[in-house]
Protein chains: 2
Amino acid sequence: MTVTDDWIDRIPDVGEELERSSTAERVADKLRALVIDGALAPGTRLSEEKIRQKFKVSRNTLREAFRLLGHERLLVHEFNRGVFVAKPTLADVVDLYRVRRPLELSAVRGAAHAPQAAVRAVGAAVEEGERAESRGDWWGIGTANMHFHEAIGRLSGSPRIDEVMHQLLAELRLVFHAMAAPREFHAPYLGENREIYDSLAAGAFDEAADRLAEYFDAAERQLVEAFSGGRGVTTR
Amino acid sequence: MTVTDDWIDRIPDVGEELERSSTAERVADKLRALVIDGALAPGTRLSEEKIRQKFKVSRNTLREAFRLLGHERLLVHEFNRGVFVAKPTLADVVDLYRVRRPLELSAVRGAAHAPQAAVRAVGAAVEEGERAESRGDWWGIGTANMHFHEAIGRLSGSPRIDEVMHQLLAELRLVFHAMAAPREFHAPYLGENREIYDSLAAGAFDEAADRLAEYFDAAERQLVEAFSGGRGVTTR
DNA sequence: TATTGGAGTATTGTTCAACAACTCGGCGAC
DNA sequence: GTCGCCGAGTTGTTGAACAATACTCCAATA
């Protein structure tokens, strides 16, 4: 009411930042980390009672957390039987790539409209991977690879695509746990990631997309092979 | 044991069919229908106590249902404040199309690999829309349009894409409730849907995709307009 | 020997009641 | 007109209870 009053409009929308989290969400976060890091092997049954004791929350809250992770497909809820760590099948692997392909490719092809910061984030993920390799951190290479593809998805500037990508990649980590030799999987793609990024940074979007498409073909083929040959076809 | 024992392998995988559903899921189904049909206007607050009385379930079960619908983005859960029927903003509309575009277009472009039944389902949705129009059922036209695009998504043969599409379209119904004149929105596109299908059925996949792309541009433009001009920019 | 049936146990599904933590609106002090 | 406080109402979380279902083991049977 005094002199100017429109400064309020210039404050950059703090919005959701100060979200407090519910207990269920925090429990879900912990559980998610355990699943993704492989501490809980695919197929493991999560007993309500035992987990409840570990986390010291009520059964109801725990069940809410289970629901959350179920929606992310990291856990599967079988009625009256309990929740299990998801155990991706060959069909799941193929399906994951069926979703990633159109989303990531279109993100790259339309990257002309993406902000510079988003492109740079892709580069940062590439470097993260290279650093991890130089210190022999194979799990770090995998993480960096996830970040790389997450950054690519972010090029499209869509929160919903971000979320879908995030979920898909979390599921993919499960796939790695379920397959035969996860250690050597990511390293070969470090070079390709850099090439994709270089094309991208140079504005050669279609070229980057073509390279990415090749990556998809190769990676999917390798995964399918690991599943069929490796260590028994996750019978399920 | 006796003569032949492999008949068991020939039984066509009854699998998931006989899934029993939890109470929470049934409640979620009812609520979803209410939201989609517009019985609950966007922005409405859903009091736990009142809904609980209506549905005669416990508060815990109800909260589980809320969580489910929250994940579908039909409800938004504000911590310590309650759940509200989602109120899509202009940004949401744009985002929805950002996701639909790559998914549906790639589904159509790759429809050569889709089974005939999937293509026929697209045609069935077209006819469903034409029937609805002939009897002046404008809401039915909208439903048929949803089915049309859901069928298109199904061309890609990916369960995950199916699920994403289903959610996106449910959200889109919310958009219609939030905008100015939903009645007249769908009818103009009936003709285009048929053309897209005809191209598809004729095996002209790229042509079908191009038509679909035009549809996206037009529909998004119209929706954005309805949001900006119509009845105040859903301030939020 | 292999299969079926059933009792008992463990686990999940759902409800209920209680209390803590928080939001919202109003009222009074300044 | 702003600030702070109080109280009513709602949500968040817990714990206990009971019903419904699945799992295990053992005996009966063919």
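In what follows, chains are A, B, ... by sequence order, proteins preceding strands, each numbered from 1.
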*Criterion side-chain contact (heavy atoms from CB on, under 4.5 Å) on A:Thr23 and A:Phe55, from CA distance to verdict*: CA-CA 10 Å; A:Thr23 329; A:Phe55 284 81; over 6 Å; no
State plainly whether the residues [X] and [Y] are in salt-bridge range, i.e. N to O under 4.0 Å.
{"X": "A:Asp29", "Y": "A:Arg32", "answer": "yes"}
{"X": "B:Glu49", "Y": "B:Arg52", "answer": "yes"}
{"X": "A:Arg100", "Y": "A:Glu220", "answer": "no"}
{"X": "A:Arg154", "Y": "A:Glu150", "answer": "yes"}

Whole angstrom is fine here: how far is it from [atom1] in [X] over to [atom2] in [N]?
{"X": "B:Glu64", "N": "C:dT12", "atom1": "CD", "atom2": "P", "answer": "13 Å"}
{"X": "A:Leu62", "N": "C:dT11", "atom1": "CG", "atom2": "P", "answer": "14 Å"}
{"X": "B:Glu78", "N": "D:dT11", "atom1": "CD", "atom2": "C1'", "answer": "13 Å"}
{"X": "A:Asn60", "N": "C:dT14", "atom1": "CG", "atom2": "C1'", "answer": "9 Å"}
{"X": "B:Glu25", "N": "C:dG13", "atom1": "CD", "atom2": "C1'", "answer": "12 Å"}
{"X": "B:Arg45", "N": "C:dT23", "atom1": "CZ", "atom2": "P", "answer": "13 Å"}
{"X": "B:Phe66", "N": "D:dT11", "atom1": "CZ", "atom2": "C1'", "answer": "11 Å"}
{"X": "A:Asn80", "N": "D:dT21", "atom1": "CG", "atom2": "C1'", "answer": "4 Å"}

Would one find a side-chain N or O of [X] under 4.0 angstrom from OP1 or OP2 of [N]?
{"X": "A:Thr61", "N": "D:dG12", "answer": "no"}
{"X": "A:His77", "N": "C:dT12", "answer": "no"}
{"X": "A:Arg63", "N": "C:dT12", "answer": "no"}

What are the atom names and distances for every N/O pair under 3.5 Å that joins the protein to nucleotides 5-9 of chain D?
none

*About how many Å separate CG of A:Asp92 and CG of A:Leu168, when rounded to the nearest 0.5 Å?*
11.0 Å
*Is a side-chain N or O of B:His177 found less than 3.5 angstrom from the main chain of B:Gly38, in a donor-acceptor match?*
yes
*asked:* When you compare the side chains of B:Glu171 and B:Gln167, does any donor N or O come within less than 3.5 Å of an acceptor on the partner?
replied: no
*Which parts of residues 47-59 of chain A get close to DNA chain C, meaning a heavy atom less than 4.0 angstrom away?*
A:Ser47, A:Glu48, A:Arg59
*Do you know which two heavy atoms are closest between A:Pro42 and A:Val85, and how far apart they sit?*
CA-CG1, 3.7 Å
